[in-house]
There are 2 protein chains.
Amino acid sequence: MMKFSARSAGPALKPSLDTPARPAGGRTRQANEARILEAAEAVFAEAGFTGASMQAIAERAGLPKANLHYYFGTKELLYRTLLGRILDMWVDAFDHITPDRDPAEAIAAYITDKMRWSRTRPLASKVFANEVIHGAQQIEGYLSGKLRQIVAEKAAVIDGWVAEGRMAPVDPVHLFFTLWATTQTYADFEVQVRAVLARDRLTESDFDHATDQILRLMLRGCGLEVPHTVPDGR
Amino acid sequence: MMKFSARSAGPALKPSLDTPARPAGGRTRQANEARILEAAEAVFAEAGFTGASMQAIAERAGLPKANLHYYFGTKELLYRTLLGRILDMWVDAFDHITPDRDPAEAIAAYITDKMRWSRTRPLASKVFANEVIHGAQQIEGYLSGKLRQIVAEKAAVIDGWVAEGRMAPVDPVHLFFTLWATTQTYADFEVQVRAVLARDRLTESDFDHATDQILRLMLRGCGLEVPHTVPDGR
DNA sequence: AAAAATTTTGACCAATCGGTCAGGATATAG
DNA sequence: CTATATCCTGACCGATTGGTCAAAATTTTT
């Protein structure tokens with residue numbers, strides 16, 4: 001009698017997105033967990049952890065509340081599972097930063113990728129932002145473990161570019177802080193952006209223009225020029 | 001019998017910080033309201049609106065819960081009063097952006113000012129960030145009213161600088177979005193910054209270094225050079 | 001078809017929530 | 001000193017919270 005999903009505290013590894021080797025759980029379980037996680041993302045993004053109620057998540061998922069507890073045990077475990085999935089997406093954009101690549105193209109691809117993420121998954125971004133703002137108690141280990149490690153690794157790449165004179169001298173770590181903040185603000189602070197721009201919603205064209213402006217500002221700030229070939233994010 | 005403070009929904013005007021003309025309320029009221037607001041800022045920053053309990057705020061202020069309701073009526077009114085005070089600080093930094101000033105110095109002063117705000121009032125920044133992330137229902141009017149107006153006004157100043165060829169062509173509104181995000185991230189996402197930098201706390205020297213890096217990146221991004229005279233924030 | 005495992009669900013629980021209120025305590029004004 | 005306004009606070013309220021559980025329904029395995 002396996003009470004909770006074996007994937008609840010699963011590894012923070014990139015899952016193979018094509019035919020999964022093992023669905024891990026029956027079809028019913030898989031489908032319901034997905035529905036619950038999707039509803040949870042929306043409710044946690046709207047109301048934060050404490051503001052979100054299991055009842056609200058249940059209604060959004062179209063399932064009775066007791067069903068959520070059957071699959072995830074507690075509210076905290078559901079929240080942690082959701083956070084784990086979001087963190088996996090978080091680090092993917094770093095793949096663009098490699099020593100062999102042209103600095104301008106690599107950084108442009110990174111920015112473009114993070115902006116697309118803000119446009120397509122704003123709810124996930126908000127859940128993450130809310131978690132960090134309120135102390136990041138659930139992901140402390142991730143921040144000072146995996147994230148710190150990968151930042152150090154990619155910072156070394158940028159330091160290499162600087163040493164080779166291929167870009168202006170910048171502190172790569174603070175550059176990352178700036179890139180994260182700048183791109184994610186279009187998801188997390190979307191309401192403020194809309195209010196100032198007097199838009200009732202942000203269109204794809206709005207995001208394209210914002211991405212263009214960020215690219216110019218940041219690349220010029222790094223002593224680089226916007227590459228003519230608009231880099232594809234993925 | 002004046003039940004609630006007359007200042008509860010007070011004007012969003014800069015209060016004269018020197019000898020206040022009218023304390024508005026007895027000494028006891030003034031002192032207790034200040035204690036409650038200070039405690040509320042900390043608790044709301046830590047837990048968000050729904051996560052914060054009146055009981056927790058009361059304990060932090062060293063007062064019985066019923067006392068908070070005596071002064072502020074409801075949790076929402078207390079929250080709105082706090083938000084109002086924070087918003088007043090928010091717009092002050094815009095004062096640096098004036099047509100007659102040197103673009104590099106003006107923008108540098110703006111950045112320096114907002115970074116000092118992140119260092120000295122991180123709790124206020126978190127309360128504001130949390131409010132915006134979760135829909136900004138309490139400050140919708142402010143965002144699409146006063147804020148939009150002042151941004152338009154200051155954007156015109158920057159457009160003027162661009163037209164005069166005194167800086168690179170940028171969309172001023174998105175420049176502001178970037179400056180807000182970049183500076184506030186050191187308050188709102190402080191936990192993440194600390195984790196990546198492997199610091200148990202951010203020192204004044206950490207903030208000075210961060211400010212320096214942001215100045216270089218942003219000013220160069222605007223086609224400007226960091227002014228030798230480090231501009232004073234106020 | 002029988003058996004075993006999994007899934008579903010309403011009813012229920014203790015704890016906490018924001019808010020109320022009466023009446024005593026204290027401070028201020030005349 | 002008296003009177004009036006302000007301040008204080010323990011006790012209490014209905015509503016909502018996360019979580020439990022047993023028993024029925026369903027699916028999967030044998």
Side-chain angles (χ1 to χ4, degrees), chain A residues 1-8 22-37 39-40 42-44 46-83 131 134 137-138, chain B residues 1-8 22-37 39-40 43-44 46-83 134 137-138:
Chain A
M1 176 180 62
M2 176 179 66
K3 181 139 195 204
F4 299 144
S5 165
R7 290 182 288 103
S8 287
R22 284 293 174 99
R27 297 187 223 294
T28 311
R29 179 176 212 97
Q30 213 182 0
N32 281 344
E33 284 185 353
R35 288 178 63 185
I36 294 169
L37 282 170
V43 176
F44 281 129
E46 281 176 15
F49 177 76
T50 41
S53 73
M54 294 296 275
Q55 184 63 43
I57 298 172
E59 284 170 10
R60 185 153 194 139
L63 295 170
K65 189 185 68 167
N67 210 318
L68 311 205
H69 284 99
Y70 171 74
Y71 282 113
F72 291 96
T74 69
K75 182 185 179 183
E76 186 178 319
L77 278 174
L78 168 58
Y79 181 64
R80 291 179 67 95
T81 304
L82 175 64
L83 270 179
E131 167 68 13
H134 297 118
Q137 294 180 355
Q138 305 288 347
Chain B
M1 177 179 62
M2 177 178 66
K3 182 141 195 202
F4 299 145
S5 165
R7 290 183 287 105
S8 287
R22 285 292 175 101
R27 296 187 223 294
T28 311
R29 180 177 211 98
Q30 212 183 0
N32 281 343
E33 283 185 352
R35 289 177 64 182
I36 294 169
L37 282 170
V43 175
F44 281 128
E46 281 175 14
F49 177 76
T50 41
S53 71
M54 294 297 273
Q55 184 63 44
I57 298 172
E59 284 170 9
R60 186 153 193 140
L63 295 170
K65 189 185 68 167
N67 209 317
L68 312 204
H69 284 99
Y70 171 73
Y71 283 113
F72 291 96
T74 69
K75 181 185 179 183
E76 186 178 318
L77 278 175
L78 168 58
Y79 181 66
R80 291 179 68 96
T81 303
L82 176 63
L83 270 179
H134 297 118
Q137 294 180 354
Q138 305 288 348

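Naming: A, B, ... by sequence-line order, numbering from 1 per chain. We use all heavy atoms of the structure for the numbers below, so side chains are in, but hydrogens, waters and symmetry mates are not.
- Between H69(B) and K75(B) there is no side-chain heavy-atom pair separated by less than 4.5 Å.
- Using a 4.0 Å cut-off between a side-chain N of Lys or Arg and a carboxylate O of Asp or Glu, R80(A) and E131(A) do not qualify as a salt bridge.
- In this entry the distance linking CD of Q55(B) with P of dA15(C) reads 16 Å, nearest Å.
- Look at CZ on R27(B): it is 16 Å from C1' on dA5(D), rounded to the nearest Å.
- Out of dC21(C), dT17(D), dG10(C), the shortest distance to the side chain of A66(B) is found at dC21(C).
- Here the nucleotide nearest the side chain of N67(B), chosen from dT7(C), dT20(D), dC8(D), is dC8(D).
- For T28(B), the listed nucleotide lying nearest its side chain is dC7(D); candidates were dG19(C), dC7(D), dT9(C).
- Proximity of R60(A) to E46(A): side-chain heavy atoms (C-beta onward) are separated by under 4.5 Å at one or more points.
- The nearest heavy atom of DNA chain C to E76(B) and to L68(A) marks one nucleotide each, and the one closer to the 5' end goes with L68(A).
- For the pair S53(B) and dC17(C), the criterion of a side-chain N or O lying under 4.0 Å from OP1 or OP2 is met.
- Distances from the side chain of Y71(B) to the nucleotides dG19(D), dC8(D), dG19(C) place dC8(D) closest.
- What separates CD1 of I57(B) from P of dC17(C) is a distance of 11 Å, to the nearest Å.
- Using a 4.5 Å cut-off on side-chain heavy atoms (C-beta onward), L37(A) and L78(A) make contact.
- For H69(A) and dG10(C), the NE2 to C1' distance is 15 Å, given to the nearest whole Å.
- Backbone-only engagement by A52(A) is indicated by non-hydrogen atom pairs under 4.0 Å involving sugar-phosphate atoms exclusively.
- Using a 4.0 Å cut-off, some side-chain N or O of Y70(A) falls inside it from OP1 or OP2 of dT7(C).
- What separates CZ of F49(B) from C1' of dG18(C) is a distance of 10 Å, to the nearest Å.
- The phosphate of dC8(D) has OP1 or OP2 within less than 4.0 Å of a side-chain N or O from N32(B).
- Between F49(A) and Y79(A), the ring-plane angle classifies as tilted under the 30° and 60° cut-offs.
- Between the base of dG18(C) and the side chain of K65(B) there is a donor-acceptor pair shorter than 3.5 Å.
- Of all nucleotides listed (dG18(D), dG18(C), dT20(C)), dG18(C) comes nearest to the side chain of M54(B).
- Residue L77(A) contributes atom CG, which lies 9 Å from atom P of dG19(D) at whole-angstrom precision.
- Distance NZ (K75(A)) to P (dG18(D)): 4 Å, rounded to an integer number of Å.
- For R29(B) and dC7(D), the shortest distance from a side-chain N or O to OP1 or OP2 is below 4.0 Å.
- Atom CD of E33(A) and atom P of dT6(C) are 13 Å apart (whole Å).
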